Amino acid sequence: MVILYIDMDYFFAACEQLKNPELKGKVVVIGTNKEDNKMKGVVQTANYEARKYGIKSGIPTKDAYKLYKDLVYLEADEPYYEKTSKTIMDMLKGYGFPVEQESIDEAALDLGDVGYEKGIGIGKEIKKRINNETNLPCTVGISFGKTFAKMACESSKPDGFGIVTENEITDFLKTKPVKALPGIGPKTEEKLKILRINTIGDLSDSDPLLLKEKLGIVGIELYNLSNGIDKSKVVEFEEVLSIGRERTLNEETTDVTVIKNMISELSKEVFEESAKKNFWFKDVGIKVRYADFTQATKSKTLNHYSSSEEEIERIGAVLIKELMNKNNKKIRKVGVRISSLMKGNSQKRLIV
DNA sequence: CAATCGCTTCACT
DNA sequence: CTAACGAGTGAAGCGATTG
């Protein structure tokens, strides 16, 4: 089995540099927020010039300015990135292998049993075509499992090409920090650190039962990966499980009217997104983040599938009221989400 | 006792 | 150097509830 993993390099920033070549060589940051309240947001993508100064995804924008005061801040131009993404994904699908789109700028191809030699040939060609046809840089990874292909890709960035075979996997993994495994973030890293597990090698030498106890099912998957066992599969049609929108308010507040207005706005956006994709939903949920950064959520399962904007908004209003009655802490951010989705085709109009 | 519900936690970019 | 107060999106996990 040969899996090809393609990941665009600093995708949003690269797209912006394509639109405006004058940005090349400059420190560029795409933020999560609009220009007017950019200091309340975080960095979504930073180009490599920015990364040299320690600016990376997830850090507060105001910290990015501390690291480099003359950076170029840009709002995300999602429609443009989506369009570019589609061009790339369509090209990948043209090869006829199963393709899983992992995100807006990542995809995995299952080349089946073509062997590494042919796989590398196809990978090189794809990389070249992406460079030629979009003028954007990307990195390609090849391995015998999706997760390992992703890791091969990650470790070859930027503008690289990484191959890890069955024979090489043990050496490839053993000295890397556990954080290099997809799915291990700060929290899991910390839990493992307490167990004195710092590298993937440590993980492979650890007791799987202990991992299961401390991390649940995830622990077993990590144990397998650390031992060179990658069960992940390329899934062509990954189904969407939920659609949500959340937004930070201009100022922290306990004002019901302000909150309800935001709920309406978000409900509308969620509805539009679901209508565009032709989804019906059976669950509506809301989320708030208080001024102290603690979070709370509340959700309601309907007794039927719905496709009504009014219903999202109405339930959202009820739920937020229940949440606000419980305490009157200031609210910083609210979110609306629908889940238990079903394609609303004429064929299946299920009333439960 | 398995499926569903309601909610929290976590990992990305 | 470390703790910290930063957005938005989504999936997964888990205990409680229910039929």
Side-chain angles (χ1 to χ4, degrees), chain A residues 7-15 29-34 37-47 50-51 54-66 75-76 78 81 85 101-106 147 150 154 157 178-192 212 214-222 235 238-250 252 262 266 269-270 273 282-303 315 319 322-323 326 330 332-341 352:
Chain A
D7 189 349
M8 303 301 294
D9 302 327
Y10 57 100
F11 184 55
F12 291 2
C15 285
V29 159
I30 317 298
T32 53
N33 291 25
K34 301 265 186 211
N37 66 338
K38 61 183 176 185
M39 292 308 191
K40 288 182 103 173
V42 303
V43 172
Q44 197 168 16
T45 310
N47 67 357
R51 290 180 204 200
I55 300 170
K56 55 185 177 182
S57 298
I59 72 164
T61 301
K62 69 164 160 20
D63 289 359
Y65 272 97
K66 267 187 249 167
E75 294 174 9
E78 306 242 357
Y81 311 149
S85 171
Q101 184 171 348
E102 299 269 327
S103 72
I104 191 165
D105 74 331
E106 289 168 63
T147 303
K150 182 181 170 75
E154 194 58 41
K157 277 182 156 292
V178 289
K179 188 130 190 339
L181 286 168
I184 297 192
K187 301 289 179 179
T188 310
E189 182 184 32
E190 186 54 37
K191 285 181 197 163
L192 290 171
K212 170 119 205 288
K214 300 288 180 186
L215 304 174
I217 301 162
V218 181
I220 299 299
E221 283 160 21
L222 294 177
V235 182
E238 198 76 87
E239 55 183 330
V240 179
L241 299 176
S242 70
I243 296 171
R245 285 287 182 280
E246 50 195 70
R247 196 155 299 144
T248 302
L249 302 163
N250 288 328
E252 295 163 357
M262 183 56 91
L266 296 168
E269 291 180 22
V270 166
E273 178 78 13
K282 205 156 96 73
D283 275 288
V284 178
I286 60 152
K287 161 169 136 179
V288 305
R289 171 174 274 174
Y290 298 105
D292 64 4
F293 270 73
T294 56
Q295 293 193 151
T297 57
K298 207 142 182 53
S299 65
K300 181 78 192 153
T301 302
L302 307 173
N303 57 7
I315 294 165
L319 295 176
E322 291 176 20
L323 219 49
K326 278 176 70 178
K330 279 192 174 178
R332 174 186 180 89
K333 172 179 169 182
V334 295
V336 173
R337 178 166 297 276
I338 55 174
S339 52
S340 298
L341 304 177
V352 181

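It should be emphasised that the depicted structure is a prediction, and the values quoted were computed from it without experimental measurement. Atom set for the values below is all heavy atoms of this structure, side chains included, hydrogens, waters and symmetry mates excluded.
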Heavy-atom check, side chain of A:Thr45 versus side chain of A:Val29, under 4.5 Å: no

Sugar-phosphate, base or nothing in reach of A:Ile104, heavy atoms under 4.0 Å: nothing

Sugar-phosphate only, base, or nothing, as touched by A:Lys287 at under 4.0 Å among non-hydrogen atoms: base

Salt-bridge criterion met for A:Glu273 and A:Arg245 (N-O under 4.0 Å): yes

Residue A:Thr301, side-chain atoms from C-beta onward, closest of B:dG6, C:dG8, B:dC10: B:dG6

Whole-Å gap separating C1' (B:dG6) and CD1 (A:Ile286): 12 Å

Side-chain donor-acceptor contact under 3.5 Å, A:Lys157 with A:Tyr10: no

A:Leu181 CG to B:dC12 C1', straight-line distance once rounded to whole Å: 15 Å

OP1 or OP2 of C:dA7 under 4.0 Å from side-chain N/O of A:Thr248: yes

Sugar-phosphate only, base, or nothing, as touched by A:Ala291 at under 4.0 Å among non-hydrogen atoms: nothing

Separation between the P atoms of B:dT13 and C:dC5, rounded to whole Å: 25 Å

Distance, rounded to the nearest Å, where A:Asn250 contributes CG and C:dA7 contributes C1': 14 Å

Salt bridge flag under 4.0 Å for residues A:Lys300 and A:Asp283: no

Atom-to-atom span, CZ of A:Arg245 to C1' of C:dT9 - whole angstrom: 9 Å

Under-4.0 Å side-chain N/O to phosphate OP1/OP2 contact, A:Ser103 with B:dT13: no

Interatomic distance where CG belongs to A:Asn33 and P belongs to C:dG6 [whole Å]: 11 Å

Pairing of A:Arg289 and A:Glu246 as salt bridge, 4.0 angstrom limit: no

Contact under 4.0 Å: A:Lys191 side-chain N or O vs B:dC10 OP1/OP2: yes

Under-4.0 Å side-chain N/O to phosphate OP1/OP2 contact, A:Lys298 with B:dC7: yes

Distance below 4.0 Å between A:Thr61 side-chain N/O and C:dA7 OP1 or OP2: no

Nucleotide of C:dT9, B:dC7, C:dA7 approaching A:Ser299 most closely (side-chain heavy atoms): B:dC7

Length of the line joining A:Glu75:CD and C:dA7:C1', which is rounded to integer Å: 14 Å

Closest to side chain of A:Thr297, choosing from C:dA7, C:dG8, B:dC7: B:dC7

Any A:Lys62 side-chain N or O less than 4.0 Å from OP1/OP2 of C:dG6: yes

Between B:dG6 (P) and A:Leu302 (CG): distance, integer Å: 10 Å

Sugar-phosphate, base or nothing in reach of A:Glu190, heavy atoms under 4.0 Å: nothing

A:Arg289 vs A:Glu273, nearer the 5' end of DNA chain C by closest nucleotide: A:Arg289

A:Val218 vs A:Arg332, nearer the 5' end of DNA chain C by closest nucleotide: A:Arg332

Presence of A:Lys282 side-chain N/O under 4.0 Å of B:dC5 phosphate oxygens OP1/OP2: yes

Sugar-phosphate only, base, or nothing, as touched by A:Gly183 at under 4.0 Å among non-hydrogen atoms: sugar-phosphate

Sub-4.5 Å side-chain heavy-atom contact between A:Thr188 and A:Leu215: yes

Sugar-phosphate only, base, or nothing, as touched by A:Ser242 at under 4.0 Å among non-hydrogen atoms: sugar-phosphate

Touch class at under 4.0 angstrom, heavy-atom based, for A:Arg337 against every strand present: base

Spacing of A:Phe293 atom CZ relative to B:dT9 atom P, expressed in whole Å: 16 Å

Charged N-O contact under 4.0 Å between A:Arg247 and A:Glu269: yes

Contact under 4.0 Å: A:Ser57 side-chain N or O vs B:dC12 OP1/OP2: no

